[in-house]
**Q** 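Quick one: the structure is below, questions incoming.
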Amino acid sequence: MNELTPYIEIPAYEVEVVTNNDPRTIVTLIIDTSKSTAGPPNREVNGGMQRFTTELHANVVARTRIEVGVVEFGGGVRVHRFVTADEFRAPTFAADGDTPMGAAIITGLQETKQRLQWHNQRGIPCTRPLGFLLTDGDPTDPWQEAADLVHRADANKDIAFFAIGVQNANMRTLAAIAPPNRPPRKLDGLKFTEFFVWLSVNLSRVSQAHVGQQLALTPASTWAVSL
Amino acid sequence: MQVIGCSLTGASHERLGIPCQDAYAYDTPIPGTVVMAVGDGAGCAPCAEIGAATATLAAVSYTAGLLRNNHCGYARSIWARTLREVLAHARARLEHLAGEQRREITDFATTLLISIVTPRYVCTAHVGDGAIVGLLRSGRLVVYSTPPRRRYVNETPFLTIPQYERYVHTTIVRRRHVRALAILTDGVEMVSVYRVGNIAHPGFFLPMFRLAAHGRERIPAVLQSPLVCERSDDDKTLVIATL
């Protein structure tokens, strides 16, 4: 008789594990769906989102650790709430309306913050959230407040914010919005699919990173115009 | 008294072709005592595995030396101070190593968790994540470690940061209450300690403590099983002492 037996009343060596401890990575996509994106850009961004969904679903680890939320802006701001990658279904964007980029950025930051708080309150560990803004135009609403919030949030490590310009995007405005240490990048043509594949590869790396490890994203050479 | 330890390379490390960056060391310097340490080298540090191995070995050999020199009778207050000395000694070893190799100490970044069992006390200290779990004579499980104060999970404090002392957590309890002790890195913590409330999962620890007492050869097999590896792809280190 083992001397520990009196203290451990279990019939066999059946080991159980904790199943809900996976760290989460929150990803917020802020996507321009204004009228100017009609035609090929709209088709490409929808195709890219479909591919993004497929790639995320194919990764067993990322599927439960990545949470994706989408804020689309075009004639208003629409929020697709955060879901884990396995539940994520790419929305189909219709190109319409003006470009309320400032309001969309503020909404994206608020949604990200709320999601992070939700996890913190439940003790679920998170990596630093990632935010991506994709636009082909110029804001049609005031954007200075949004830019201030982005700079503050990025400096406070509330989010790592990336701004990406497409085609005729006003890169000067984007440069004013993007965090000073992370200037905007320009999408090469309409390589949305390449961008979303790159994003899913990086999210997979982040989700599988050794806990405690700070991970840099891989170079954007597949989809961005060279700096 | 029995001690068993094992360190296994995580699937994520195998995939990326990087070695196991966890390390452990233990010693039973005189009858009735045991010193155990585990370390988890930082994934971003180029010499992480050397840092973890050096820190654990330094902590165990320093403490074993104290116990061999008849310091078993230390009062609780002296052990509280000694725990911090042990961490400082391990850090000094890393500093020395970094100097020898003309590197920064952060190149050897590692967490460090130690447990010292003396005839009177069970003393624990740690910097960074991982866990130290005791099985009391009453059958209750107690987590002696406290998750580090941090915002994001990938921002663990390491022994190598200048302000590491801010993140040191220590406990000292009467040995007579403790029946067995486990010390583990975050790869095992992920599947065994509920993050919410910092509570040890009896379904994990009770069988593992029992395996440590007999059937110890099955412990690595459990840690390599799909049940564990599907939920934790990090390196896994577990040392268990049955007192």
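Residue numbers start from 1 in every chain, and the chains themselves are labelled A, B, ... in the order their sequence lines are given, proteins ahead of strands.
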**Q** Is the shortest heavy-atom distance from the side chain of B:P202 to the side chain of A:E16 under 4.5 Å?
**A**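 Sidechains of A:E16 and B:P202: no contact.
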
**Q** Is the number of heavy atoms from other residues, nucleotides or ligands under 6.0 Å of B:E104 CD greater than 12?
**A**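 Result for CD/B:E104: open.
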
**Q** Which pairs would a plain distance check flag for residues 161-168 of chain B, meaning a side-chain donor or acceptor within less than 3.5 Å of a matching protein atom at least two apart in sequence or in another chain?
**A**
none

**Q** Side chain, backbone, both or neither: which part of B:E230 has a heavy atom under 4.5 Å from chain A?
**A**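 No part of it gets close to chain A.
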
**Q** Kindly check if the number of other-residue, nucleotide or ligand heavy atoms within 6.0 Å of NZ (A:K191) is above 12?
**A**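 Yes, the 6.0 Å shell around NZ holds more than 12 heavy atoms from other groups.
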
**Q** Who are the side-chain hydrogen bond (donor to acceptor under 3.5 Å, both in side chains) partners of A:R182, not counting sequence neighbours?
**A**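 With neighbours one apart ignored, the set is A:D154.
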
**Q** A:V17 and B:R231: which non-hydrogen atoms are nearest, and at how many Å?
**A**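 Taking every non-hydrogen atom into account, CG2-CD, 3.7 Å.
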
**Q** Kindly give the heavy-atom pair with the smallest separation between B:S192 and A:V18, and that separation in Å.
**A**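 What the structure gives for the nearest pair is C-CG2, 3.7 Å.
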
